[in-house]
There are 2 protein chains.
Amino acid sequence: MVLNTYCKEDKVLLAVDCIIFGFYQEELKILVVKRDFEPAMGEWSLIGGFLKQKENLNDAASRILKRLTGLNNIYMEQVHSYSKVDRDPKERTISVSYFALIDIAHHCKDLLKENPIKWFNLKDMPSLIFDHNKMVKDAITLLRNRITNKPVGFELLPEKFTMRQLQKMYEAILDTELDKRNFINKFNSFDLLRKLNEKDMSSSKKGAFLFKFDEDKYQKKLEEGFCFKI
Amino acid sequence: MVLNTYCKEDKVLLAVDCIIFGFYQEELKILVVKRDFEPAMGEWSLIGGFLKQKENLNDAASRILKRLTGLNNIYMEQVHSYSKVDRDPKERTISVSYFALIDIAHHCKDLLKENPIKWFNLKDMPSLIFDHNKMVKDAITLLRNRITNKPVGFELLPEKFTMRQLQKMYEAILDTELDKRNFINKFNSFDLLRKLNEKDMSSSKKGAFLFKFDEDKYQKKLEEGFCFKI
DNA sequence: TCAAAAGTGTTTGTGATACACCCATGG
DNA sequence: CCATGGGTGTATCACAAACACTTTTGA
């Protein structure tokens with residue numbers, strides 16, 4: 001039976017671990033850190049921290065992301081809580097994981113200079129400490145699910161992007177190949193992109209038109225019952 | 001920066017709250033309890049408890065469900081963690097929610113005798129304490145998602161059930177009406193049900209054939225790449 | 001002039017949806 | 001004999017998938 005007071009209940013450490021995704025050169029990437037403290041010093045780990053008494057989990061995740069990237073307003077979602085009794089060999093710790101989406105190209109320039117932090121292609125990611133590999137796996141599962149029913153993929157791209165970039169981003173996350181014409185037709189049918197009078201000349205001689213995601217239009221469509229579905 | 005030792009970090013109370021779903025007389029139901037301790041004594045609440053030092057979250061949820069229903073092996077899934085600083089007015093508490101699926105008819109007979117515990121039709125559920133209403137909402141969203149891509153609905157039904165019961169269960173969870181023939185055709189195409197030589201005579205003069213879900217066949221199909229999708 | 005990426009519509013197939021009548025039986 | 005729920009098949013539609021050629025231009 002639950003006691004009439006809470007004070008006899010056990011308290012635990014609550015950690016937040018972030019699975020930070022990026023997209024660059026047609027590859028889905030993940031940001032990990034070499035731990036500079038025990039236990040497991042020198043091994044690769046997700047970026048994390050502990051929940052403070054006066055903040056909620058979202059705030060903690062935002063704080064950790066800000067500390068690492070310098071960015072505010074990063075798109076993130078809670079994924080799952082991990083609680084195996086001996087998951088952290090040092091002390092009983094429960095961890096709540098978040099995934100985050102970052103536009104590598106435009107923001108995190110200084111980031112890579114810091115020594116112990118590194119972007120890996122998801123495919124080449126080294127083994128991580130504790131249950132962090134499982135956290136990554138679960139986060140990818142959620143991310144795959146999410147990008148098919150919510151237009152969050154744009155968080156990984158610069159504000160202006162080409163259709164090819166958009167498609168390659170979906171392909172990288174879903175780990176599949178998509179038909180160029182079907183993909184464009186589908187996206188055009190949503191009527192959520194604004195074609196700009198600008199071209200990206202970096203990847204071809206002809207140049208590729210740049211597009212912007214129209215957030216306002218999306219919100220308006222949502223209210224009218226629109227349902228994003230790739 | 002994360003410190004070189006954990007011992008200066010804040011510890012918190014970690015609760016587990018269960019959204020217990022049942023299905024009876026064509027209605028989706030939820031089990032709640034009248035709190036017999038402060039704060040919020042006398043108000044309706046989800047069934048919960050605190051995580052102990054030596055158990056993981058799944059074990060805690062199982063323990064809470066066992067205490068309440070006497071049942072082991074209840075189907076459940078973690079939903080989300082709730083961490084607003086003042087969500088519990090008495091003391092900082094983070095809560096991890098689980099949904100659980102119970103076959104009301106065959107099991108929880110003694111349950112209803114206990115005074116402060118009650119099944120409500122989801123539609124008629126009273127307002128709950130703290131952020132428990134939000135927890136219920138999130139759990140339903142997950143449940144709706146889950147029954148469309150995994151055959152978990154059977155957990156709400158007796159071992160033997162009629163096609164009508166199965167359909168009404170889906171209708172109750174999805175809060176929609178389904179076409180009888182399309183529903184049966186779809187389910188038959190999966191080839192996951194075993195038709196028994198028994199009829200349920202309780203709801204009509206003609207009687208309706210009973211079916212069983214074939215778990216082994218489902219597992220075999222899964223390995224062959226089958227994907228359940230309603 | 002050629003290599004490399006950009007851009008563009010139509011056909012086909014599959015799965016979702018809509019739909020109506022006969023059957024069996026207890027009262 | 002009739003009221004009630006049980007059981008069954010087909011036609012249509014909409015969306016997903018497959019598919020190939022022309023354009024542009026820098027090297």
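All chains are named by letter (A, B, ...) in the order of the sequence lines, taking the proteins before the strands, and each is independently numbered beginning at 1. As the structure is a prediction and not an experimental result, all values here were calculated from the model.
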Please state how far atom [atom1] in [X] lies from atom [atom2] in [N], giving the value in whole angstrom units.
X	N	atom1	atom2	value
B:F183	C:dT17	CZ	P	13 Å
B:M163	D:dT8	CE	C1'	12 Å
B:R164	D:dT8	CZ	C1'	16 Å
B:K229	C:dA16	NZ	P	10 Å
B:D200	D:dG6	CG	C1'	12 Å
B:L178	C:dT17	CG	P	9 Å
B:L166	D:dG6	CG	C1'	15 Å
A:I184	D:dA16	CD1	C1'	16 Å

- After noting the C-alpha distance and the side-chain angles of A:R164 and A:E26, does the key distance pass the salt bridge (charged side-chain N to carboxylate O under 4.0 Å, His left out) rule? CA-CA 10 Å; A:R164 182 186 173 85; A:E26 307 196 351; 3.3 Å; yes
- Within-4.5 Å side-chain heavy-atom neighbours: B:N58 and B:M76: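 Yes, their side chains come closer than 4.5 Å.
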- Task: For the residue pair B:E77 and B:Y98, establish whether any side-chain heavy-atom pair is separated by less than 4.5 Å.
- Result: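 B:E77 does not reach B:Y98 side chain to side chain.
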- A:E43 side chain vs A:R35 backbone, donor-acceptor pair below 3.5 Å: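 Checked: no pair found.
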- Query: Between the main-chain N or O of B:R181 and the side-chain N or O of B:D179, is there a donor-acceptor pair closer than 3.5 Å?
  - Reply: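 Side chain of B:D179 to backbone of B:R181: a pair is present.
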Just compare [options] and give me whichever is closest to any side-chain atom of [X].
X	options	answer
A:K206	C:dA20, D:dT23, C:dA24	D:dT23
A:N182	D:dC19, D:dT8, C:dA6	D:dC19
A:D179	D:dC19, D:dG5, C:dC19	D:dC19
B:K205	C:dA6, C:dA16, C:dG26	C:dG26
B:K195	D:dG6, D:dT8, D:dG9	D:dT8
A:K186	C:dA6, D:dA16, D:dG6	D:dA16
B:N185	D:dA18, C:dA6, D:dG9	D:dG9

- Below 4.0 Å: OP1/OP2 of C:dG7 and any side-chain N or O of A:R181: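 False: A:R181 side-chain N/O out of range (4.0 Å or more) of C:dG7 OP1/OP2.
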- Message: Using heavy-atom distances to pick each residue's nearest nucleotide on DNA chain D, tell me which of B:S203 and A:K180 is more 5'.
- Response: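 Closest to the 5' end, via its nearest nucleotide, is B:S203.
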